[in-house]
Amino acid sequence: MQRHLISAADLTRDDAVLILDTAEEMARVADRPIKKLPTLRGRTVVNLFFEDSTRTRISFEAAEKRLSADVINFTAKGSSVSKGESLKDTAQTLEAMGVDAVVIRHSASGAPYRLATSGWIDAAVVNAGDGTHQHPTQALLDAFTMRRRLVGRDAGLGKDLDGRRITLVGDILHSRVARSNVDLLHTLGAQVTLVAPPTLLPVGVETWPCEVSYDLDSTLTKSDAVMLLRVQRERMNAAFFPTEREYSRRYGLDGDRMAKMPDHAIVMHPGPMVRGMEITAEVADSDRCTVVEQVTNGVSIRMAVLYLLLGGNEPAVSHARPTEEK
């Protein structure tokens, strides 16, 4: 593993499979009465969030605490950032406190990379989402969920997603989740198709390692997993489609469309969902929808990432029973 996790594109196939396999070990800890490991005892991890977050922030915090790390939560609101403090000054403040890792979410694309390469701080940096650029741990937890559902928990160990057909539907233009998933799923051997209105596809998408379609119905019958993406109105400064009703009619997943999917296929969503827009309540509450499962798997993936970045060379989970003293 490298020192930092900034982009899903930085991961090799072996890196990605190692993280997924380690997450499988971590998931077993969640089944124990006491869900803690001593792996990161004495290490300090800062959650540096300059953007609002629910799932990602809580998931990272849960992962850090289950690994016995000392956790410091930082939010821009109510901090010196609101007084005009720069990212550099904030980083140097954390460096002075001797932190071992920084989990950063920022509205500016490239902020985690800047933090990792600037020399401002000597700590491992994990990107928890930067602008419309990358969200590597989300892509990892999505791949983990796909491997568990499509290959199997035990059968999937050591394996990738070779030959699986994954469809991403929605606001590709503003989605860091889409970019990260395309990068990681391609590395893992999956065939990715993006489905969106032409106005919600980024310039240069033809150079991405995936196919592009404007017709959702034609892709559903051959998809192993369909991931729906929220329309990110907070990042929009223009009208990208006529009405919500028309968008939902063309690109929303309802019960009739879900019935066209293969029996083994799953429906995914990184959250938060907008019911009635990209997904109907019937689909969101069906057994084929993995939204809640993705949240659970997110903790295991983030435990695996933090362990591999900060932990030693010992096994993540010890299966040997302690011997009695004679």
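Values below: all heavy atoms of this structure, side chains included; hydrogens, waters and symmetry mates excluded.
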Test log, rule side-chain contact (heavy atoms from CB on, under 4.5 Å), inputs Thr219 and Val226: CA-CA 9 Å; Thr219 64; Val226 176; over 6 Å; no
Worked verdict on Asp285 versus Arg275 for salt bridge (Lys or Arg N to Asp or Glu O under 4.0 Å): CA-CA 10 Å; Asp285 296 330; Arg275 294 180 182 232; 3.1 Å; yes
Assess the residue pair Arg250 and Asp217 against the criterion (salt bridge (Lys or Arg N to Asp or Glu O under 4.0 Å)); give the C-alpha distance rounded to whole Å, side-chain angles, the decisive distance to 0.1 Å, and a yes or no. CA-CA 9 Å; Arg250 292 285 304 275; Asp217 293 301; over 6 Å; no
Steps toward side-chain hydrogen bond (donor to acceptor under 3.5 Å, both in side chains) verdict (Asp130, Ser109): CA-CA 5 Å; Asp130 60 330; Ser109 298; 5.1 Å; no
Any chance you could lay out the salt bridge (Lys or Arg N to Asp or Glu O under 4.0 Å) test for Lys65 and Asp70, step after step, and finish with the verdict? CA-CA 7 Å; Lys65 289 182 175 178; Asp70 296 321; over 6 Å; no
Could you walk me through whether Asp171 and Arg230 pass the side-chain contact (heavy atoms from CB on, under 4.5 Å) check? CA-CA 6 Å; Asp171 185 0; Arg230 179 177 64 88; over 6 Å; no
For Arg302 and Thr137, what are the C-alpha separation, side-chain angles and deciding distance, and is it a side-chain hydrogen bond (donor to acceptor under 3.5 Å, both in side chains)? CA-CA 7 Å; Arg302 285 156 184 147; Thr137 58; 3.2 Å; yes
Determine, step by step, whether Arg66 and Leu37 satisfy the side-chain contact (heavy atoms from CB on, under 4.5 Å) criterion, reporting the C-alpha distance in whole Å, the side-chain angles of both residues, the deciding distance to 0.1 Å, and the verdict. CA-CA 6 Å; Arg66 287 184 185 180; Leu37 293 173; over 6 Å; no
For a side-chain hydrogen bond (donor to acceptor under 3.5 Å, both in side chains) check, start with the C-alpha distance between Glu61 and Asn47, then their side-chain angles and the critical distance, and finish with the verdict. CA-CA 8 Å; Glu61 186 174 352; Asn47 296 319; 5.1 Å; no
Report the C-alpha distance between Leu87 and Phe50 in whole Å, list the side-chain angles of each, state the deciding distance to 0.1 Å, and finish with yes or no for side-chain contact (heavy atoms from CB on, under 4.5 Å). CA-CA 10 Å; Leu87 177 62; Phe50 293 87; 3.9 Å; yes
side-chain hydrogen bond (donor to acceptor under 3.5 Å, both in side chains) evaluation trace for Asp15 with Thr12: CA-CA 5 Å; Asp15 288 337; Thr12 65; 3.2 Å; yes
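Across all their heavy atoms, Ala196 and Gly170 have their closest contact at CB-O, 3.1 Å. When every heavy atom of Leu11 is checked against every heavy atom of Ile19, the shortest pair comes out as CD2-CD1, 4.1 Å. Across every non-hydrogen atom of Pro197 and Tyr214, the tightest pair is C-CD2, 4.5 Å. Taking both residues in full, the closest heavy atoms of Glu24 and Phe144 are given as OE1-CE1, 3.4 Å, listed atom of the first, atom of the second, then distance. Contact detail for Asp254 and Val283: the closest heavy-atom pair is C-CG2, 3.4 Å. In terms of heavy atoms, Leu141 sits closest to Gln294 at CD1-O, 3.4 Å.
The cluster map of Ile, Leu, Val, Met, Phe, Trp and Tyr, joined by side-chain heavy atoms under 4.5 Å apart, puts Leu67 and Leu310 in the same cluster. Linking ILVMFWY side-chain heavy atoms closer than 4.5 Å, directly or via other members, places Leu140 and Val291 in a single hydrophobic cluster. Note on Leu253 and Val192: same hydrophobic cluster, where clusters join Ile, Leu, Val, Met, Phe, Trp and Tyr whose side-chain heavy atoms are under 4.5 Å apart, directly or indirectly. Taking hydrophobic clusters as Ile, Leu, Val, Met, Phe, Trp and Tyr residues chained together by side-chain heavy-atom distances below 4.5 Å, Val295 does not share a cluster with Val299. Neither Phe74 nor Val71 shares a network with the other; the hydrophobic side chains, linked directly or stepwise wherever heavy atoms of I, L, V, M, F, W or Y lie under 4.5 Å apart, form separate groups for each.
Using modelled atom types and a 3.5 Å distance limit, the side chains of Arg176 and Thr132 yield no donor-acceptor pair. With hydrogens and angles left out, the side-chain atoms of His269 and Glu278 include a donor and acceptor closer than 3.5 Å. Defined by atom type and a distance below 3.5 Å, a donor-acceptor pair is missing between the side-chain atoms of Ser300 and Asn297. Donor-acceptor pairing under 3.5 Å is recorded for the side chains of Gln134 and Asp183. Judged purely by distance below 3.5 Å, without hydrogens or angles, the side chains of His264 and Asp224 pair a donor atom with an acceptor atom. Residues Ser107 and Glu51 have side chains that never bring a donor and an acceptor to within less than 3.5 angstrom of each other.
With contacts defined as side-chain heavy-atom distances shorter than 4.5 Å, the pair Val231/His174 does not qualify. Within the 4.5 Å cutoff, the side chain of Asp100 has no heavy atoms near those of the Val46 side chain. Residues Leu188 and Val17 are in side-chain contact: their nearest non-hydrogen atoms beyond the backbone lie under 4.5 Å apart. At a threshold of 4.5 Å between non-hydrogen side-chain atoms, the residues Leu200 and Ile172 do not count as touching. You'll find the side chain of Ile166 reaches within 4.5 Å of the side chain of Met146, heavy atoms only. At a threshold of 4.5 Å between non-hydrogen side-chain atoms, the residues Tyr113 and Ser7 do not count as touching. When side chains are defined from C-beta on, Pro112 counts as touching Ile104, because their heavy atoms get closer than 4.5 Å. Residues Gln92 and Ile121 have side chains not in contact (no heavy-atom distance under 4.5 Å, counting atoms from C-beta outward).
In this structure, Lys222 places its NZ atom where only 12 or fewer heavy-atom neighbours from other residues, nucleotides or ligands lie under 6.0 Å away. When the shell of 6.0 Å around CG of Asp31 is examined, it contains more than 12 heavy atoms from other residues, nucleotides or ligands. Sparse packing is recorded around NZ of Lys88, with 12 or fewer heavy atoms of other residues, nucleotides or ligands lying under 6.0 Å away. The neighbour count for Glu211 CD, taken as heavy atoms of other residues, nucleotides or ligands under 6.0 Å away, does not exceed 12. Heavy atoms of other residues, nucleotides or ligands lying less than 6.0 angstrom from CZ of Arg153 number 12 at most.
Between Asp162 and Arg13, no side-chain nitrogen of the basic residue sits less than 4.0 Å from a carboxylate oxygen of the acidic one, so the salt-bridge criterion is not met. By the 4.0 Å N-to-carboxylate-O rule, Asp122 lies close enough to Arg3 to be salt-bridged with it.
In this structure, the separation between CZ on Phe60 and OG on Ser53 is 9.5 Å, given to the nearest 0.5 Å. The distance from atom CE of Met303 to atom CE of Met26, rounded to the nearest 0.5 Å, is 5.0 Å. With rounding to the nearest 0.5 angstrom, the OG1 atom of Thr39 is 10.5 Å from the CZ atom of Arg43. Interatomic distance, Leu115 CG to Leu48 CG, rounded to the nearest 0.5 Å: 7.0 Å. In this structure, CD in Gln138 is found 15.0 Å from CZ in Arg179, a value given to the nearest 0.5 Å.
Figure legend: Arg105 and Phe49 shown without cation-pi pairing, the cationic atom not lying both under 6.0 angstrom from the six-membered ring centre and within 45 degrees of its axis.
Under the side chain to side chain contact (heavy atoms under 4.5 Å, CB included) test applied with Val45, the options Leu309, Val126, Val103 reduce to a single match, Val103. For the salt bridge (Lys or Arg N to Asp or Glu O under 4.0 Å) test with Glu293, the passing option among Arg148, Arg288, Arg149 is Arg149; the others fail.
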